[in-house]
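Values below: every heavy atom of this structure, side chains too, minus hydrogens, waters and symmetry copies. Keep in mind that what you see is a predicted model, and the values were worked out from it rather than measured.
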2 protein chains.
Amino acid sequence: MSNSPPIEQADRLLDAFITPMTETRVPIPTLERLAIYLRVLLDALEAGIQTLSSQEMEQHSGISAAQFRKDLSYFGEFGKPGVGYSVPALIQCIEKILRLDKEQPILLVGAGNIGSALVGYPNFQAHRLRIAAVFDNNFVKIGRPFGDLIIEDIARVKEVNASIGARLGIIAVPASAAQEVADLLVEAGVRGILNFAPTILRVPPHVHVRNVSIVQELAVLSYHVAEETV
Amino acid sequence: MSNSPPIEQADRLLDAFITPMTETRVPIPTLERLAIYLRVLLDALEAGIQTLSSQEMEQHSGISAAQFRKDLSYFGEFGKPGVGYSVPALIQCIEKILRLDKEQPILLVGAGNIGSALVGYPNFQAHRLRIAAVFDNNFVKIGRPFGDLIIEDIARVKEVNASIGARLGIIAVPASAAQEVADLLVEAGVRGILNFAPTILRVPPHVHVRNVSIVQELAVLSYHVAEETV
DNA sequence: GCGGGACTGTGAACGGTTTCACAGTGTGTG
DNA sequence: CACACACTGTGAAACCGTTCACAGTCCCGC
C-alpha cells in the first residue's frame with residue numbers, strides 16, 4: 001500500500017496512534033477539525049503537493065497554524081521541524097486516527113429524500129465510507145432497488161447486520177419513528193448513530209449520537225442575518 | 001395571533017428581545033440550543049402542556065436546567081419563579097429571538113439530490129422557513145419544475161432576489177462550484193449561507209457561513225466507535 | 001562539520017462556556 | 001395575612017479549549 005518516499009517516517013507515524021498519548025481525552029472539536037485537515041490534504045495531494053507547513057494549512061483550512069499543530073499533538077508527532085508535514089504520510093495518519101483507513105460499512109435507515117441524497121453522495125467513497133444496506137418500514141418500498149442496493153425491512157436489521165458487522169448507522173426517518181429505529185440499530189450492534197430526525201435520541205452510554213439539524217443551522221443563521229440589520 | 005391566557009406576560013416577553021440586554025455577545029452554542037428548546041416547546045404545545053420548568057426541559061432536551069436558564073438570561077426574563085415557563089409565550093419569544101416569527105425566504109442553489117431532499121423537507125414549514133427559489137447552472141435542468149418551483153439560472157440569482165429579498169442561501173452544489181456560487185449569493189444580498197459543499201468558503205466579514213459536512217460527522221463517529229474497542 | 005534559518009511541539013496564559021449555589025420572587029395554603 | 005414551597009435569575013467558581021511564545025530539532029548551504 002503506497003511506497004511514498006519517506007517510508008520509515010510513514011511507519012513511525014502509523015504506529016503513533018496506537019499509543020493514545022496520555023490518558024487525555026481528545027476534544028471533539030479536534031476530531032471535527034481532523035476531517036477538515038484531511039480534506040485539505042487530499043486536495044493538496046491531488047495538486048501534487050508533497051509537503052505542507054502548518055502555515056499553509058492555515059491558509060487553506062482557515063484554522064490557525066497553532067491549532068493545527070496542537071490538534072495533531074494529541075496523537076503524536078507527525079511533522080519535521082524546518083520542513084513541515086509530508087502530505088501522503090499525514091493523510092495516512094489522519095485516516096488511521098479516524099479509522100477511515102479501512103472500509104467502514106454503514107447502515108442507512110429511511111429510503112426517503114435524505115436517504116436518496118446519501119446513497120448518491122460522491123464524497124463517501126474517498127473516505128472509505130460505504131452504505132452497506134438500506135432499510136425502511138414501508139412495505140411498498142421494501143424489495144425495491146435503491147442505488148445499488150435493495151431496500152430491506154427494518155425489522156430484519158439485526159439479522160442483516162450479523163453478516164455486515166456495521167458499527168455506524170444513519171437515521172433518516174421522520175421524528176416519530178426515530179427512537180424506535182435507534183433502539184433497533186443499537187440492538188443490531190451499532191455504536192455510532194448519525195441522526196437526521198429532529199428528536200433527542202435516548203441511547204445507552206456506549207453509543208455515540210451526532211445530530212444533523214438543518215433547521216437548527218438555519219435558525220442560527222437567521223438570528224445572525226437579522227442581528228446586523230438592527 | 002394567539003390569545004393564550006397570560007397575555008400581558010406574552011407582551012412583556014415579546015418586548016424583551018428588543019433590548020439586546022447588555023453589549024454581551026450571545027455565544028453561538030446558546031443559539032444552537034435555542035433551536036432545540038423551541039423544538040421541545042412545540043412538542044409540548046402539541047401535547048397540550050401549558051407550563052414547563054427548567055427541570056422538565058432538562059429531561060426532554062438533555063440540556064441541563066442551569067444551562068437552559070442561563071441561555072435564556074442572555075435575552076431577558078421569561079419564567080415565573082415557583083411556576084416555570086409558559087409554553088406558548090416562550091415559543092413566541094424564542095421565535096422572535098431567532099427571527100423565526102416571520103417567514104424567512106431562502107435561496108437554494110443546486111437542484112441535485114440534496115436540493116431535492118431540502119425542498120421536500122417537512123420541518124421547514126413549522127419554523128416559517130421557506131425555500132423561495134431554486135437555482136442551478138445546468139441548462140438541462142433550468143426551466144424544469146422542482147417541487148413547487150421552477151429551476152432558474154444561477155446567473156440570474158441577483159435579479160431574482162431583487163424581488164424576493166432573501167437574506168439566507170443554501171449551497172448544495174459540488175465543491176468545485178461552491179465558491180463561485182457563494183460569490184453570486186453574496187452579490188445578490190445574501191448574508192447567511194448554509195454550505196453543504198466540502199469546501200471552505202471565502203466570504204466578506206458581514207456574511208455568516210455554517211457548514212454541514214456529513215463526512216465530517218461520520219468521521220467523528222468512526223473514531224468513537226473504534227475507540228471503545230481498543 | 002558548523003552555523004543560520006525554518007518550522008515543529010508544547011507548557012503556560014488566556015478567554016469563553018458551563019456548572020454551581022444561593023438570593024430573590026411569586027404562588028398557594030392555612 | 002404570614003409562612004412554606006417551588007422555581008427562576010445570576011454572580012462566582014470550575015472547566016475546557018484556544019492562543020501564545022519559545023525551546024528544541026532538523027535541514028541546507030558553505
Sub-3.5 Å pairs of nitrogen or oxygen atoms, protein against nucleotides 18-20 of chain D:
{"residue": "D/dT18", "atom": "OP1", "partner": "A/Arg33", "partner atom": "NH1", "Å": "2.7"}
{"residue": "D/dT18", "atom": "OP2", "partner": "A/Arg33", "partner atom": "NH2", "Å": "2.9"}
{"residue": "D/dT18", "atom": "O5'", "partner": "A/Gln67", "partner atom": "OE1", "Å": "3.3"}
{"residue": "D/dT19", "atom": "OP2", "partner": "A/Gln67", "partner atom": "OE1", "Å": "3.3"}

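A/Ile154 has its side chain out of reach of A/Glu180: every pair of non-hydrogen atoms, C-beta onward, lies at least 4.5 Å apart. Residues B/Ile131 and B/Tyr121 form no side-chain contact, since every pair of their non-hydrogen atoms from C-beta on lies 4.5 Å or further apart.
Contacts between residues 34-43 of chain A and DNA chain D, counted as heavy-atom distances below 4.0 Å, involve no residue at all.
Atom CD1 in A/Ile28 sits about 18 Å away from atom P in D/dC15, given to the nearest Å. Rounding to whole angstrom units, OH of residue A/Tyr85 and C1' of D/dC26 are separated by 13 Å. As rounded to whole Å, 15 Å separates atom C1' of D/dT8 from atom CD of B/Glu58. Here D/dG9 presents its C1' atom at 15 Å from CZ of B/Phe75, a figure rounded to the nearest Å. Counting to the nearest Å, the P atom of D/dT8 and the CG atom of B/Leu90 are 11 Å from each other. Atom P of nucleotide D/dA6 and atom CG of B/Leu52 are separated by 17 Å, given to the nearest angstrom. Following rounding to the nearest Å, A/Gln55 (CD) and D/dA21 (C1') show an atom-to-atom distance of 14 Å. At whole-Å resolution of the value, CZ in B/Phe68 and P in D/dC7 are 13 Å apart.
Ring pair A/Tyr85/A/Tyr37: centre-to-centre distance not below 6.0 Å.
Between B/Thr51 and B/Val83 the shortest heavy-atom distance is CG2-O, 3.7 Å. Closest approach of A/Ala175 to A/Ala197, counting heavy atoms only: CA-CB, 4.0 Å. Among all heavy-atom pairs drawn from A/Leu98 and B/Ser222, the shortest one is O-OG, 2.6 Å.
Just one residue in the list A/Ile63, A/Leu72, A/Leu41 forms a side chain to side chain contact (heavy atoms under 4.5 Å, CB included) with A/Met57, and that residue is A/Leu41. Considering B/Arg128, B/Arg130, B/Gln125 in turn, B/Arg130 is the only one that fulfils the side-chain hydrogen bond (donor to acceptor under 3.5 Å, both in side chains) rule with B/Glu103.
In terms of phosphate contacts, A/Ser54 brings a side-chain nitrogen or oxygen within less than 4.0 Å of OP1 or OP2 of C/dT8.
Between the A/Arg167 side chain and the A/Arg191 main chain, no donor and acceptor come within less than 3.5 Å of each other. With hydrogens and angles ignored, the 3.5 Å screen pairs no side-chain donor or acceptor of B/Gln216 with any backbone N or O of A/Ile36.
Remark: A/Ile106 CD1 to A/Ile164 CD1 distance equals 11.5 Å, nearest 0.5 Å.
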Summary of protein contacts for nucleotides 25-30 of chain C, nucleotide by nucleotide, where a base hit scores B, a sugar-phosphate-only hit scores S (4.0 Å, heavy atoms): BSS---
